[in-house]
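Step one of this worksheet: look at the structure below.
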Protein chains: 2
Amino acid sequence: MFTLEQVRGFVAVAEELHFGRAAVRLNITQPPLSRQVQKLEEELGVKLLERNARGVRLTPAGAAFYDDAVRLLRLAQNAPDTARKIADGWSGTLRVGFTGGSAMHFLGGLLTRMSVDLPDVNLELNELVTSRQLKSLTSGDIDLGLGRPPFDHSQFDNLLVQSERLVAVIPVAHPLTHLRRPLVGTDFAGVDFIMHSPSQARYFHDLTTVVLAGHHVQPVHTVSQVLTIVELVAAGRGVALVPESASRLAISGVRFMPLIDDTPPVELHAVWFRDNTNPALPRLQAMLTRHVNDSYSASHHPKNALD
Amino acid sequence: MFTLEQVRGFVAVAEELHFGRAAVRLNITQPPLSRQVQKLEEELGVKLLERNARGVRLTPAGAAFYDDAVRLLRLAQNAPDTARKIADGWSGTLRVGFTGGSAMHFLGGLLTRMSVDLPDVNLELNELVTSRQLKSLTSGDIDLGLGRPPFDHSQFDNLLVQSERLVAVIPVAHPLTHLRRPLVGTDFAGVDFIMHSPSQARYFHDLTTVVLAGHHVQPVHTVSQVLTIVELVAAGRGVALVPESASRLAISGVRFMPLIDDTPPVELHAVWFRDNTNPALPRLQAMLTRHVNDSYSASHHPKNALD
DNA sequence: CGTCATTACGGAATGCGTAATGATA
DNA sequence: TATCATTACGCATTCCGTAATGACG
């Protein structure tokens, strides 16, 4: 196989049509250049140049090879740059997993910010429940997750990116809607209740359990999707606790009612595998930190880091 | 600059994900391969591979560089082939000059034959009078001409590709049309005559002069294009001598009449500069020779080598 | 301790630069 | 004879293969 040095030599000669000038351009002397081109021709089995005493001409084969040679050199010059850019994290691909419901809202702001701060980093998005996210993080199928606690801190690092209130969603005809104050656990005693799935939506399930704090309710359904829960409430099947952002769902027949202030918030975290080597990941982490700080300081919506 | 050998080494490792197997594939031992990849990484300033005791993984930068590396190797492998094909004359470009009028008919057959015998050779066509063809041949602007004798045999080689009869073209109302025999020079004595331009169509001018052989005619026009001549004849301005193929021109008001058998034929030659180095030229010459022979032996139209 | 990858080292090959030679107008 | 390109030759570098070492389960 021929050498890129030989190709560089040939291209220089083909452009200067003069071994001397070409050698100067390459910062070498003529003899090595002459030999480079000879070797190249020998390697190809093709005469690329027509030499005569006062200069050089390209053969037809030489003219054709020149085109390919230029392409070759351009590729050989650019390839390292793109590799370096990726190694530095300023380019490449990040695969992100996110939970179906309320992470959506956060993703919008994230994508907008990405297109400004990391325009050459491509994002691949996968909707996954938190448990699947964690598995995919360790297996290397995704680089970053947007999910709900808890996380195994021996393997994962995380960053709180969104925090919102938990609210009660209640059919408009329900007696609870007559209360003119934030609700407390006691208010739900004996009420028909739609529970989050303990396997598919463990975080919400546990949160709800904490709020109810032993007050006995009547579980009438166990559901994984927030949207489904709100629809069941609208159908009058019961009452439920959902994140405040669910009130943006345009579903009639329900009322969203606040809970008392000491109710734990619904948190969304960015989470990543500590051993992940994707160079773009630190860039995204830094961007997320900046982004969250910007939102907290500049906006008056401390409940949501990205509003 | 890195080496193609290094790239080959890296690609092998990237595909095998194992230095040992990659080395076997490249017919070298592991240590040189290891050093090749190290040098490449050093050259790029980028870690391409993540080594651990039981194997190798690609870094994101390595995965990106792998794509470029494969492109690079493919290009490096194909470029010599195309160059060789051109050097052998089986590919590339031939620039052909041809005289306006009757060479057209020949060109049709030539192009058809080219598409079968030399499908990868591209033809660039230029309409040029013979004198310009010869200049362009020596300057290298064209590789082959289709023109009329004479040629300077010290510089040019040529091949007769088409030979046709000279005929008289006469207005239908002209007294000469009453003759029921081939015409001779004497028949044109004192007749109004349309002459070919001695500069632009010297060959036809000289041929006509030979046929008339001193019988005095009345030159009423001097014209370079055969088509124009026939149109002038149709307009009754005089009589002229043109190649037989001109009878294919659909112009009414004229009669084409044969001349006696010993009239010199109108010849079309392929002509080329002996110093031309285009490797496709010998291929075309060989094809033309075959083609002319085929036509002479297979057809019953000995007057036109390509009918 | 077995599996890989890397470092150490000696010999062969490659490739530069300087100097000499060849070809051509 | 002047201008280029090529060949000759010596020295430094590069690069292979074999052998030894190191890292990690």
Side-chain angles (χ1 to χ4, degrees), chain A residues 1-59 61-62 66 76 138-140 155 274-275 277, chain B residues 1-59 62 66 76 138-140 154-155 274-275 277:
Chain A
M1 175 142 306
F2 56 85
T3 302
L4 285 176
E5 287 304 311
Q6 292 168 359
V7 176
R8 276 167 59 85
F10 165 69
V11 166
V13 176
E15 286 173 355
E16 299 287 350
L17 293 178
H18 190 290
F19 275 78
R21 286 194 296 273
V24 168
R25 196 168 108 178
L26 298 171
N27 292 314
I28 58 173
T29 54
Q30 293 92 329
L33 177 57
S34 190
R35 285 188 301 252
Q36 277 179 5
V37 178
Q38 283 173 36
K39 280 236 164 170
L40 179 60
E41 291 179 318
E42 193 180 317
E43 200 78 47
L44 303 181
V46 169
K47 252 216 352 254
L48 300 174
L49 298 171
E50 202 74 60
R51 288 97 156 154
N52 61 51
R54 72 155 72 276
V56 172
R57 262 180 23 205
L58 281 169
T59 65
Y66 170 78
T138 49
S139 69
Q155 289 193 84
R274 196 170 291 119
D275 294 350
T277 58
Chain B
M1 174 140 307
F2 56 85
T3 303
L4 285 176
E5 287 304 312
Q6 292 168 358
V7 176
R8 277 167 58 86
F10 166 70
V11 167
V13 175
E15 287 173 354
E16 300 286 350
L17 293 177
H18 189 288
F19 276 78
R21 286 193 297 273
V24 169
R25 196 169 109 180
L26 298 171
N27 291 315
I28 58 173
T29 53
Q30 293 94 327
L33 176 58
S34 189
R35 285 189 300 253
Q36 277 179 4
V37 177
Q38 280 172 37
K39 280 239 161 172
L40 179 60
E41 290 178 319
E42 192 180 317
E43 200 79 47
L44 302 181
V46 169
K47 243 198 24 236
L48 300 174
L49 298 171
E50 202 74 59
R51 287 95 157 156
N52 62 50
R54 73 156 72 276
V56 172
R57 261 180 24 204
L58 281 169
T59 64
Y66 170 77
T138 49
S139 70
S154 72
Q155 290 194 84
R274 197 171 291 120
D275 295 349
T277 59

- prompt: CD of Glu42(A) to CZ of Arg35(A): how many Å apart, nearest 0.5 Å?
  reply: 13.0 Å

- request: Look up atom CD in Gln6(B) and atom CE in Met1(B), then write down how far apart they are to the nearest 0.5 Å.
  value: 11.0 Å

Protein-nucleotide distance ([X], atom [atom1]; [N], atom [atom2]), rounded to Å:
X        : N       : atom1 : atom2 : answer
Arg21(B) : dC4(C)  : CZ    : P     : 8 Å
Gln6(A)  : dT14(C) : CD    : C1'   : 11 Å
Ile28(A) : dG15(C) : CD1   : C1'   : 10 Å
Leu17(B) : dA5(C)  : CG    : C1'   : 14 Å
Arg57(A) : dT24(C) : CZ    : C1'   : 15 Å
Leu33(A) : dT14(C) : CG    : P     : 19 Å

Sub-3.5 Å donor-acceptor pair from the side chain of [X] to the main-chain atoms of [Y], do we have one?
X        : Y        : answer
Gln36(B) : Thr3(B)  : no
Glu41(B) : Leu48(B) : yes
Glu50(B) : Thr59(B) : no

- request: Between Gln30(B) and Lys39(B), just flag the one whose closest nucleotide in DNA chain D comes earlier from the 5' side.
  value: Lys39(B)

Of Asn52(A) and Arg35(B), the one whose closest DNA chain D nucleotide lies more 5': Asn52(A)

task: Kindly determine whether Phe10(A) and Leu58(A) satisfy side-chain contact (heavy atoms from CB on, under 4.5 Å), including the steps that lead there.
output: CA-CA 10 Å; Phe10(A) 165 69; Leu58(A) 281 169; 3.9 Å; yes

query: Which part of the nucleic acid does Gln36(B) contact within heavy-atom distance under 4.0 Å: base, sugar-phosphate only, or nothing?
result: sugar-phosphate

- request: May I ask you to say what Gln38(A) touches in the nucleic acid, namely base, sugar-phosphate or nothing, with a heavy-atom cut-off under 4.0 Å?
  value: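 Sugar-phosphate contact only.
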
message: Please check if the number of heavy atoms outside Arg57(A) that lie under 6.0 Å from its CZ is greater than 12.
response: no

query: What are the 5'-most and 3'-most nucleotides of DNA chain D lying under 4.0 Å from any heavy atom of chain B?
result: dC15(D) to dG25(D)

Pairwise 5' ranking along DNA chain C for Thr3(A) and Pro31(A), keeping only the more 5' one: Thr3(A)

